[in-house]
Amino acid sequence: MLRDTECGEPRVSDVSKTITLAGWVNRRRDHGNLIFIDLRDRTGLIQVVFNPKTNEEAHRLAENLRSEWVVQIRGEVVKRLDGAENPDLPTGDVEISASELIVLNPSKTPPFEIRDDIEVDDNTRLTYRYLDLRRPKMYANLELRHRVVKLMRDYLDERGFLEVETPILTKSTPEGARDYLVPSRVHPGQFYALPQSPQQLKQLLMVSGVDRYFQIARCFRDEDLRGDRQPEHTQLDLEMSFVEQEDILKLVEALYIWVTEKAIPGVQLQKPFPRMSYHEAIERFGSDKPDLRYGMELCTLSDLAEDSGFGVFKTVVGGGGTVRAFTAPGCGDYPRKTVDELTEIAKSSGAHGMMFIALSNEAESIDALEPDHIRSVIKSHVELDTIKAMANRAGAKPGDLILMIAGPSGVVNTALSNLRGEMARRLDLIDPNEVSYLFVLDFPLFELDPVSEKWGAMHHMFSSPRPEHVDMIETDPGAVIGQLYDLVCNGIELGSGSIRITDREIQERVFALIGYSREAVEERFGHLLRAFEYGAPPHGGAGLGIDRLLMALTGQNIREVVAFPKTQTAVDPLFEAPSRVEDEQLEELGIVVRETAK
RNA sequence: GGCCCCGUGGUGUAGUGGUCUAACACGCCUCCCUGUCAAGGAGGAGAGCGGCAGUUCAAAUCUGCUCGGGGUCGCCA
């Protein structure tokens with residue numbers, strides 16, 4: 001071993017011990033005849049002092065040290081001089097009086113400083129990811145992730161779950177997301193697909209009698225990237241036989257409470273997890289993944305708006321749209337510029353615009369509002385009494401700002417939900433120590449594609465309808481509620497699950513509604529349906545994103561909680577992937593690349 | 001695929017038609033310095049403003065295209 005102690009370890013109790021450390025030079029402070037360096041490894045920082053009176057040779061060598069050099073240091077742990085302690089460091093009461101210095105490896109000056117409190121362009125960080133990961137914050141993210149996954153494994157192992165690996169090279173099932181394809185050399189012209197999730201495989205494992213399965217599973221989807229989406233992500237995939245929805249919810253809840261409380265000591269958690277229906281979530285928050293750490297719930301003003309006679313409102317509501325709003329407390333004095341910023345957010349969420357009603361805090365109450373107390377474009381079009389009624393319904397008080405969007409309900413909800421999040425950040429309403437889980441239940445099983453006017457599965461086509469809704473599959477598909485649930489954390493959708501269909505007849509009716517021909521079903525799902533003919537146990541489960549959970553727990557984006565992520569254009573700047581390959585490789589695969597551009 | 005923001009020494013920013021062969025902070029280099037820990041002091045090097053094409057007497061600044069990063073709508077069962 002090149003060391004016997006790690007940098008974060010020495011304490012006053014170690015004083016007078018001679019130890020050997022190894023690590024990176026975090027910083028050098030050269031006082032001429034006295035040189036300090038902060039030595040860093042993943043465990044922390046320790047100050048090393050080079051004094052020519054202690055060891056002239058070591059001091060002379062230390063003059064050459066620079067940031068990020070890798071060194072081995074032997075020395076005595078000594079108590080720091082009175083008043084020279086550093087309370088910011090756990091090791092700050094002691095220092096190492098160096099008697100020997102060995103340079104294990106010098107370093108070029110890094111492209112950015114290895115510190116937590118700097119902002120560097122993502123491309124630069126990813127190009128030098130190995131340096132970026134030296135930052136304590138990034139190491140802490142890796143460590144937390146490790147701990148979370150280990151806790152999941154431990155918990156599920158204790159309860160009889162079996163971790164089973166499923167293939168990465170599998171078959172394309174071309175609905176849902178785009179697949180990543182892998183060409184087959186042995187079968188030229190044919191392709192494997194990387195799994196979008198192990199969904200069908202885990203259901204087969206249930207038929208196999210595995211009973212309780214889980215996997216920390218990599219999933220691949222070739223869709224556009226976001227701050228919360230990477231081309232590959234990891235999910236906790238689990239499935240259980242002989243269970244009902246409540247059994248899965250209970251297990252997931254207990255598991256996530258255990259993991260969160262163990263991984264983040266002192267966390268504030270609401271137990272049991274709140275539950276609400278999909279319908280309620282949309283009504284109250286305009287989102288199926290609401291963040292419950294703050295209020296500002298939405299209200300619907302369509303009826304008041306339509307009766308007001310204001311042309312914009314009439315057009316929207318008459319055209320089947322809606323008018324909804326929420327109140328930002330204490331923001332009635334927002335200047336034009338700030339409101340314009342909010343309007344931009346509404347527009348980038350798809351809304352045509354945003355209306356507001358700013359209420360002066362000089363009014364005694366909503367009922368006592370005078371026209372002078374109100375700033376709003378609708379003021380000259382809408383009766384004062386109607387504005388008061390709107391303010392009352394929105395729960396506004398004098399001094400508040402009501403944000404209002406009119407349009408198709410989907411757009412209105414998206415925009416208001418985004419604005420609600422923005423206001424929570426602006427008003428600093430989020431307690432960073434709070435982790436807020438939520439089960440969203442009772443999702444509709446089918447949704448109508450407004451363009452094609454075809455019914456599609458909201459989740460996937462193996463999710464079971466409520467038994468009492470089976471008869472509506474053909475007559476009123478939109479009203480069929482599934483045994484389907486989402487787990488949400490701090491406004492982030494962690495994932496979803498369901499009780500699966502194990503009844504051949506119901507499965508065929510679902511396929512029929514979605515418009516799959518018998519041939520298409522056989523081609524895509526024949527293997528699964530055949531398996532179900534050999535005694536499939538009732539089963540259900542969930543797939544819950546690990547990256548998303550880490551995002552929620554750290555409050556950072558997905559690129560911060562993945563060791564080697566890709567940019568928004570799905571590029572890895574470190575490896576420069578994707579890349580062209582040798583002609584011979586293509587030849588072997590029987591692939592000819594058609595040159596379009598470049 | 002659409003829309004929005006950003007791109008200036010190694011890093012982060014300022015400069016938004018001429019006074020800019022570009023300013024500041026950190027970093028880097030040299031020298032001084034025995035108690036610093038964002039050490040301090042003195043001095044110094046380092047970019048021609050992502051790229052291309054325009055507009056203009058004059059472009060880091062304006063326009064178009066393009067490349068790269070980020071956000072967002074669509075998309076992501």
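Sequence lines set the chain letters: A, B, ... in the order given, protein chains first and strands last, and positions in each chain run from 1.
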K.L.:
Less than 3.5 Å between a donor and an acceptor, one on the side chain of A:Glu113 and one on the base of B:rG12, is that the case here?
P.N.:
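Answer no: no donor N or O sits under 3.5 Å from an acceptor.
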
K.L.:
Can you tell me the pairing partner of B:rG64 across any strand shown, Watson-Crick or G-U wobble, with both distances under 3.5 angstrom?
P.N.:
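Answer to the pairing question: B:rC52, which forms a Watson-Crick or G-U pair with B:rG64.
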
K.L.:
Check whether the aromatic ring of A:Phe112 stacks on the base of B:rU11, taking stacking as ring centres less than 5.5 Å apart and planes within 30° of each other.
P.N.:
no

K.L.:
Just to be sure I understand the rule, does A:Lys53 reach a base, reach only the sugar-phosphate, or reach nothing, if contact means heavy atoms closer than 4.0 Å?
P.N.:
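The residue A:Lys53 makes base contact.
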
K.L.:
When you compare B:rU8 with B:rG1, how far apart are their C1' atoms, in angstrom units rounded to a whole number?
P.N.:
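The same atom, C1', in both gives a distance of 32 Å.
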
K.L.:
Examine the base of B:rC75 for any acceptor or donor lying under 3.5 Å from a partner atom in the side chain of A:Arg221, and report the outcome as yes or no.
P.N.:
no

K.L.:
Are side-chain heavy atoms of A:Ile96 and A:Leu21 found at a separation under 4.5 Å?
P.N.:
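SC-SC contact between A:Ile96 and A:Leu21 confirmed.
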
K.L.:
With a 6.0 Å cut-off on the ring centroids, do A:Phe511 and A:Phe525 count as close?
P.N.:
yes

K.L.:
Contact class for A:Arg27 (heavy atom, under 4.0 Å): base, sugar-phosphate, or nothing?
P.N.:
sugar-phosphate

K.L.:
Give a yes or no on whether a donor-acceptor pair under 3.5 Å exists between the nucleobase atoms of B:rG74, that is its base, and the side chain of A:Asp224.
P.N.:
yes

K.L.:
Classify the angle between the aromatic ring planes of A:His460 and A:Phe462 as parallel (below 30°), tilted (30 to 60°) or perpendicular (above 60°).
P.N.:
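A:His460 vs A:Phe462 ring planes: tilted.
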
K.L.:
Determine the contact category for A:Glu68: base if any of its heavy atoms lies under 4.0 Å from a base atom, sugar-phosphate if only primed atoms, P, OP1 or OP2 are that close, otherwise nothing.
P.N.:
nothing

K.L.:
Which nucleotide, if any, forms a Watson-Crick or G-U wobble pair with B:rC3, using both distances under 3.5 Å?
P.N.:
B:rG71

K.L.:
Given B:rG71, is OP1 or OP2 found less than 4.0 Å from the side-chain N or O atoms of A:Arg559?
P.N.:
yes

K.L.:
Could you state the atom-to-atom distance from CZ of A:Arg229 to P of B:rG70 in whole Å?
P.N.:
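Going from A:Arg229 (CZ) to B:rG70 (P), I get 14 Å.
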
K.L.:
Reading RNA chain B from 5' onward, which residue's closest nucleotide shows up sooner: A:Glu344 or A:Asn51?
P.N.:
A:Glu344

K.L.:
Within the pair A:Arg115 and B:rG27, is there a side-chain N or O less than 4.0 Å away from OP1 or OP2?
P.N.:
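Negative; the distance criterion is not met.
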
K.L.:
Would you classify A:Asp30 as touching base, sugar-phosphate or nothing, given that sugar-phosphate means primed atoms plus P, OP1 and OP2, and contacts are heavy atoms under 4.0 Å?
P.N.:
base

K.L.:
Quick one: do A:Lys289 and A:Asp486 make a salt bridge, cutoff under 4.0 Å?
P.N.:
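Judged by the 4.0 Å cut-off on N to carboxylate O distance, A:Lys289 and A:Asp486 do not form a salt bridge.
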
K.L.:
Could you check whether A:Ile118 gets within reach of a base, just the sugar-phosphate, or nothing at all, counting any heavy atom under 4.0 Å?
P.N.:
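The answer is nothing, as A:Ile118 stays clear of every strand by at least 4.0 Å.
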
K.L.:
Listing time: all N or O pairs from protein to nucleotides 28-31 of chain B that are below 3.5 Å?
P.N.:
unit_1 : atom_1 : unit_2  : atom_2 : d
B:rC29 : OP1    : A:Arg66 : NE     : 2.8
B:rU30 : OP2    : A:Arg66 : NH2    : 3.2

K.L.:
Taking atom C1' of B:rU72 as reference, at what distance in whole Å does atom CD of A:Glu422 sit?
P.N.:
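Interatomic distance, CD of A:Glu422 to C1' of B:rU72: 13 Å.
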
K.L.:
Quick check, are the ring centers of A:Tyr485 and A:Phe439 under 6.0 angstrom apart?
P.N.:
no

K.L.:
Distance check needed: B:rG68 C1' versus A:Lys566 NZ, whole Å only.
P.N.:
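Nearest whole value for this atom pair: 18 Å.
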
K.L.:
By the 4.0 Å heavy-atom rule, please label A:Gln230 as base, sugar-phosphate, or nothing.
P.N.:
nothing

K.L.:
Measure from the side-chain heavy atoms of A:Asp122 and tell me the nearest of B:rG69, B:rC76, B:rU72.
P.N.:
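The listed nucleotide nearest to A:Asp122's side chain is B:rG69.
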
K.L.:
Have a look at A:Ala84 and say if it touches a base, only the backbone sugar-phosphate, or nothing, with a 4.0 Å heavy-atom cut-off.
P.N.:
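Base contact.
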
K.L.:
Rounded to whole Å, please give me the gap between CZ in A:Arg80 and P in B:rC37.
P.N.:
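One finds 11 Å between P of B:rC37 and CZ of A:Arg80, rounded.
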
K.L.:
Which part of the nucleic acid does A:Gly227 contact within heavy-atom distance under 4.0 Å: base, sugar-phosphate only, or nothing?
P.N.:
sugar-phosphate

K.L.:
Taking any heavy-atom pair under 4.0 Å as a contact, classify A:Asn123: base, sugar-phosphate, or nothing.
P.N.:
sugar-phosphate

K.L.:
Compare all side-chain heavy atoms of A:Leu126 with those of A:Pro565 and state whether any distance is below 4.5 angstrom.
P.N.:
yes

K.L.:
Flag the pair A:Phe575 / A:Phe564 as yes when their ring centroid distance falls below 6.0 Å, and as no otherwise.
P.N.:
no

K.L.:
Between A:Pro465 and A:Ile473, what is the shortest heavy-atom contact and its length?
P.N.:
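In terms of heavy atoms, the two residues are closest at CG-CD1, 4.3 Å.
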
K.L.:
When all nucleic acid strands are considered with a 4.0 Å heavy-atom cut-off, which category describes A:Gln568: base, sugar-phosphate, or nothing?
P.N.:
base

K.L.:
For A:Ile492 and B:rC76, what is the distance between atoms CD1 and C1' respectively, to the nearest whole Å?
P.N.:
16 Å

K.L.:
Looking at every strand, decide which applies to A:Ser197 at a 4.0 Å heavy-atom threshold: base, sugar-phosphate, or nothing.
P.N.:
base

K.L.:
Using purine N1 to pyrimidine N3 plus N6-O4 or O6-N4 for Watson-Crick, or N1-O2 and O6-N3 for G-U wobble, both under 3.5 Å, which nucleotide pairs with B:rA14?
P.N.:
none

K.L.:
Side chain of A:Gln47, base of B:rU36: donor and acceptor closer than 3.5 Å?
P.N.:
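Indeed, a donor on one side and an acceptor on the other fall under 3.5 Å apart.
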
K.L.:
Can A:His31 be classed as stacking with the base of B:rG40, given a centroid separation cut-off of 5.5 Å and a plane angle cut-off of 30°?
P.N.:
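Given the distance and angle limits, no, they do not stack.
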
K.L.:
If you find the nucleotide of RNA chain B closest to A:His460 and the one closest to A:Phe36, which residue's nucleotide is nearer the 5' end?
P.N.:
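Of the two residues, A:Phe36 wins.
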
K.L.:
Quick one: closest heavy-atom pair of A:Leu574 and A:Asp572, and the distance?
P.N.:
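So the two residues come closest at N-OD1, 2.8 Å.
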
K.L.:
Nearest whole Å is fine: how far is B:rU34 C1' from A:Asn55 CG?
P.N.:
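In whole Å, B:rU34 C1' lies 16 Å from A:Asn55 CG.
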
K.L.:
Using only modelled atom types and a 3.5 angstrom limit, is any donor from either the side chain of A:Arg29 or the base of B:rC33 paired with an acceptor on the other?
P.N.:
no

K.L.:
Within this structure, what is the CD-to-P distance between A:Glu119 and B:rG69, rounded to whole angstrom?
P.N.:
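Atom CD in A:Glu119 sits about 18 Å away from atom P in B:rG69.
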
K.L.:
CD1 of A:Ile114 versus P of B:rG10: gap in Å, rounded?
P.N.:
17 Å

K.L.:
Shortest non-hydrogen contact from A:Leu484 to A:Gln245?
P.N.:
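Looking at all heavy atoms of both residues, the shortest contact is N-OE1, 3.5 Å.
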
K.L.:
Do any side-chain nitrogens or oxygens of A:Asn33 fall under 4.0 Å of OP1 or OP2 in B:rU34?
P.N.:
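Checking B:rU34 against A:Asn33, a side-chain N or O does come within under 4.0 Å of OP1 or OP2.
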
